[in-house]
Structures are given as C-alpha cells and as structure tokens.
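Notes follow the structure.
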Protein chains: 2
Amino acid sequence: MTARRPSPNARRPDAATRERLLAAATRLFAQHGFGGVSVRDIARAARANVAAVNYHFDGKLGLYRAVVHSAVQAMRSGDDAFLTAASDASPEEQLRTYVTGYLPRIASTDDRTAWIHDLMRHEMSDPTPVAPWIAEHGILPRIEYLAGIVSKLLDCRPNDKRVARCVVSIQAQCLFYRPDRFRTAAFKGWPLSDAELAAVADHIVEFSLAGIKRIATRQ
Amino acid sequence: MTARRPSPNARRPDAATRERLLAAATRLFAQHGFGGVSVRDIARAARANVAAVNYHFDGKLGLYRAVVHSAVQAMRSGDDAFLTAASDASPEEQLRTYVTGYLPRIASTDDRTAWIHDLMRHEMSDPTPVAPWIAEHGILPRIEYLAGIVSKLLDCRPNDKRVARCVVSIQAQCLFYRPDRFRTAAFKGWPLSDAELAAVADHIVEFSLAGIKRIATRQ
DNA sequence: TTGAGATTCAAACGACCGTTTAATACAATT
DNA sequence: AATTGTATTAAACGGTCGTTTGAATCTCAA
C-alpha cells in the first residue's frame, strides 16, 4: 500500500512531489519514450528523490501508466471542445472542422493535448504493457468519430471496408505532420509555420473530400 | 585498423563471423532499434563473442552504420526493379506502378528491402547520429521521384508547394500500412492479408489521383 | 507532549550496459 | 620449425539501470 490521500501533510507546502513527478515524467516520456528515460532523470527534473517514484507510483511502469492516463484524458477533453460544436453541420463541414481543429494541435510541440501522440509514436516502435489500453481509449474513439463522417460522405454502412480505408487515408495525412526528432534533425524548414500549417489543413480537406467522392463511385 | 580483407583466413571455414553479425544485427535493430538491442544480444544471435562486434565494426554504432547502409542499398535496388520499367508511361500509370509496387513491400514483414522502414521508425522516436544520412539517401530519392510524377499531374513547377503537400499525402497513406509491434499487438486483423493489401493499393491510387486533380484546380 | 502515520532521503543492491584487455588459436609465409 | 598477422575468446572494467532498505523528518491528532 503506497499513499492515497491527496496531500494534507508534507514537509513543504509547495506543489506536491507527486504532481511534480507526473509533470516531469509526462514531458520526458513524451520526448524519449518509456525506455529512453531513467527514473533518475525524472527525479532530477522534478527535484525529488529517486525513491519517490516507487513511493508515489509503485515503480517506473506505474508512473508511466499515470502519465498515459492523464495524456489520453487531456486529448479527449481537447477534442470535445471543437467536435461537439459541429455536430449538426454537413459531413463535409464536419470533416473540415475535424482537420482544421486537429492538425494545429497535432503539429504543435507544446500543446498538452497532443503529447499522447508522442507517447504513441514511442509505443509503435517499442510497445509497453500499456499499448492495448492506449489503442482502445486513445485511438478507437477518434477512428469511430471519423468513420461516422466518412460513412455519411460515402453513403454506405459504417462497416463497409471503403470507410476504414478512407479513414486511414485521412488520419495518415494528419498524423504525418506530428513533429518528431528525426525530421526536426534531418530536414530543413521543419516543423512548419502556423501559416503553412493552415494551408496544409486546407489541402488535406480538399484532397480527402475529392478522394472520398471518387471512392464513393466504385465497388 | 580493424580487418579489411574478406576472409582468406579464419579459424573455421563456415560463414564469416562478420557476415553473421551483420545479418543478426539487421534483424534485431529493425525490430527493436539501436538502443533496444545490446551487443550481447547480437553476439548471441550470431553465435559470436561480444568482442567480435568491436573487432569487426569498431563498436555498436559502427555495426549500426553498416546495417543502415546495407538496408538502404537493398531498398534502392528493390525500387529500381520496378520503377525503371514504367519510365515512359503516363504519370497516372507511373503513380499506380509506384503504389502497387511499393505497398506490398511496405506491408511485408520479411521483405529485406523494407527493413529500412523499421529502422527509420525507430530513428523517428529516437534519432541516432545516422539519422541525417538516412534522410538523404533513404528518403529524399523517393520523395523526388514522387515529386516528379506529381508535378506532371498538377502541371506545375516541381517546387510548387502543392507538389510537396500531395507527395506527403501519398507517402503518408503508404507508410501507414507498414506493420509495427503496436498495431500487431493492439488491433485484431492486423497486419492485412495480401488480398486486402491489393485492394488498399488500388484505393490509395484512386483516392490520391482524385485528390491531386482537385488540388490542380486551386491556387 | 507524545504517538502514529505519511513522506523524504542517502545509500546500497544485483543486474545489465558497451568496451577493453591479454591470452590464445589458427593459416599462411619464411 | 619459426614467424607473422588475423581472428576468437573469457574475463574484467567502469558505469548506469530500476528497485529496495532503513533511518530521518515532517504533519497532525490525541
């Protein structure tokens, strides 16, 4: 049994050690992945003792679970902010709202609601036991929301294979603009400016709407 | 100076230790990345001594360089096999040839010419000093080939920003189907069957040609 | 003031990391 | 047979890893 109560008692009255650990770990895990960060790195960044990780989170993996959980929550609450607003628009406008609301956050390097994508990138190359949970709570809801829009545009059942393929085509284009350390290090002009990003969002919407309409005429 | 000559002399006449190390390291680095594999893992898989890595490759990073170099060469020779054949076709047919030739290799888990994509995935989340070299020799040639096709389809200059955006839209769709350990672990029905993959290739071609034609009418 | 529980801390644990060393085994040439 | 240069080997080096330990320190209730 570690500790459970918020923090009615502590040596100093400033931000609780647990919160500092969570904040530092979120930043470092998003940047370097679970295996690329040591608990000593996290403890140093949080100005805490190494043993505090085990005391407050029951080990490195427990801290990672807490980070992932809060990151998924941050993303989903960020989605609700602009997705619910367009719930009664045409599917074309819904797709535009999705992409223009999603892409700037995807491309931002300091948007807290997008850190989950960095965690997911590391999970792709080096999965942890948390991977299935991320897939279910961090990815599937988005996929299903997009599938609803696309199936209306295709005028077909949501489980039509063309829906899944179009969803991938849209999502792949958006995710490609998530900055990573490879492209930042290897390509000039990366990451993109805000103005370019807005033009890219417009491009993805037009490109994808035309693609979907073409796919709708087939099979 | 380590060794240079092929292997006129060795304790045993079987496959040279250097070649076994390179083969084992390619498989392991592609699977787990540079940081996720220890030289002891590689030596064990190659039935060699740990010190052999330093003797033949001047350290772990030297071995990684050799792996990356051979993987890029394998991919480029695989490209030439089907890209040069379509050099005088219409740009539409060239795009179809590119996608239908590229996607099955991307999606294959045992195609030696596609291991470079696994190495690149790890580089994205955790870059090594080899990252810039991979970008220049493993990525740029493909991008420029695609840009040539797209600029003909758009009927504009190759450095028009719309070209780069369409290239990303195509390449992002293709790369999304590269299997990774996250999706294999977290999603059912993954990776895709050969038949589904052929249908996906056709989808990407139709989706993208329609998208490009739409973009061609703008700006 | 005292006791109990929560929290922090320096230190140590065993395991693994990449690399180095020095001795040895081998084949080909003197 | 002796020498030379290449290749392999077991062992050890210093360092970092995640975790554990046990004592010290803090807050708050009795």
Side-chain angles (χ1 to χ4, degrees), chain A residues 1-25 28-29 31-68 122 126 128-130, chain B residues 1-25 28-29 31-68 122 126 128-130:
Chain A
M1 280 12 101
T2 56
R4 280 291 138 254
R5 283 206 271 136
S7 69
N9 38 10
R11 199 165 74 155
R12 284 180 302 157
D14 68 299
T17 302
R18 194 189 135 92
E19 300 307 313
R20 294 203 315 276
L21 281 172
L22 198 62
L28 290 173
F29 279 144
Q31 202 159 27
H32 301 106
F34 179 75
V37 182
S38 70
V39 295
R40 283 174 175 84
D41 291 335
I42 299 169
R44 193 180 313 118
R47 305 186 312 281
N49 187 276
V50 254
V53 170
N54 288 281
Y55 179 79
H56 286 286
F57 296 95
D58 204 26
K60 186 185 182 184
L61 187 58
L63 174 54
Y64 184 69
R65 275 188 221 275
V67 165
V68 166
H122 292 288
D126 219 47
T128 72
V130 194
Chain B
M1 277 10 109
T2 56
R4 278 293 138 254
R5 286 206 269 134
S7 70
N9 39 10
R11 200 164 76 153
R12 285 181 300 156
D14 68 289
T17 301
R18 197 189 133 92
E19 299 308 310
R20 295 202 314 275
L21 281 173
L22 197 63
L28 290 173
F29 280 143
Q31 202 160 25
H32 302 106
F34 179 75
V37 181
S38 70
V39 295
R40 284 173 174 83
D41 291 335
I42 299 170
R44 194 180 311 117
R47 303 187 314 280
N49 188 276
V50 254
V53 170
N54 288 279
Y55 179 78
H56 286 285
F57 295 96
D58 206 26
K60 186 185 181 183
L61 187 59
L63 174 54
Y64 185 69
R65 275 188 220 275
V67 164
V68 166
H122 292 288
D126 218 48
T128 70
V130 194

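Order of the sequence lines sets the chain letters (A, B, ...), proteins ahead of strands, with each chain counted from 1. Values in this document were obtained by computation on a predicted structure and should not be read as measured data.
For the pair A:Tyr55 OH and D:dC26 C1', the computed distance is 11 Å after rounding to whole Å. The distance between atom CG of B:Leu21 and atom P of D:dT9, rounded to the nearest whole Å, is 10 Å. If you take CD of B:Glu19 and C1' of D:dA7, they are 15 Å apart, rounded to a whole angstrom. Taking atom OH of B:Tyr64 as the reference point, atom P of C:dC17 lies 18 Å away to the nearest angstrom. Between the CZ atom of B:Arg44 and the P atom of D:dT9 there is a distance of 15 Å, given to the nearest Å. Per the geometry, CD1 belonging to A:Ile42 stands 11 Å off P belonging to D:dC17, to the nearest Å. Between the CG atom of B:Leu28 and the P atom of C:dG18 there is a distance of 12 Å, given to the nearest Å.
Remark: A:Val37 engages A:Leu28, A:Phe29, A:His32, A:Asp41, A:Ile42 in a side chain to side chain contact (heavy atoms under 4.5 Å, CB included) (not counting sequence neighbours). Evaluation of the side chain to side chain contact (heavy atoms under 4.5 Å, CB included) rule for B:Ala52 yields B:Thr17, B:Leu21, B:Ala48, B:His56 as partners, not counting sequence neighbours.
The side chain of A:His56 contributes an N or O atom lying less than 4.0 Å from OP1 or OP2 of C:dT8. For D:dT8, one of the phosphate oxygens OP1 or OP2 lies less than 4.0 angstrom from a side-chain nitrogen or oxygen of B:Thr17.
Axis angle between the ends of the helix from C:dT1-D:dA30 to C:dT30-D:dA1, five pairs each and rounded to 10 degrees, works out to 20°.
Expressed to the nearest 0.5 Å, how far CZ of A:Arg40 lies from CG of A:Asn49 amounts to 10.0 Å. To the nearest 0.5 Å, the span separating CZ on A:Phe57 from CZ on A:Arg18 amounts to 4.0 Å.
Taking both residues in full, the closest heavy atoms of B:Arg20 and B:Arg47 are given as NH2-O, 3.1 Å, listed atom of the first, atom of the second, then distance. Of all heavy-atom pairs spanning B:Gln31 and B:His122, the tightest one is O-NE2, 3.2 Å.
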List the protein contact pattern of nucleotides 18-23 of chain D with one symbol per nucleotide (5' to 3'): B for base contact, S for sugar-phosphate-only contact, - for none; contact means a heavy-atom distance under 4.0 Å.
-> BBBB--

Candidate pair B:Phe34 and B:Lys60, rule side chain to side chain contact (heavy atoms under 4.5 Å, CB included), full reasoning | CA-CA 9 Å; B:Phe34 179 75; B:Lys60 186 185 181 183; 3.6 Å; yes

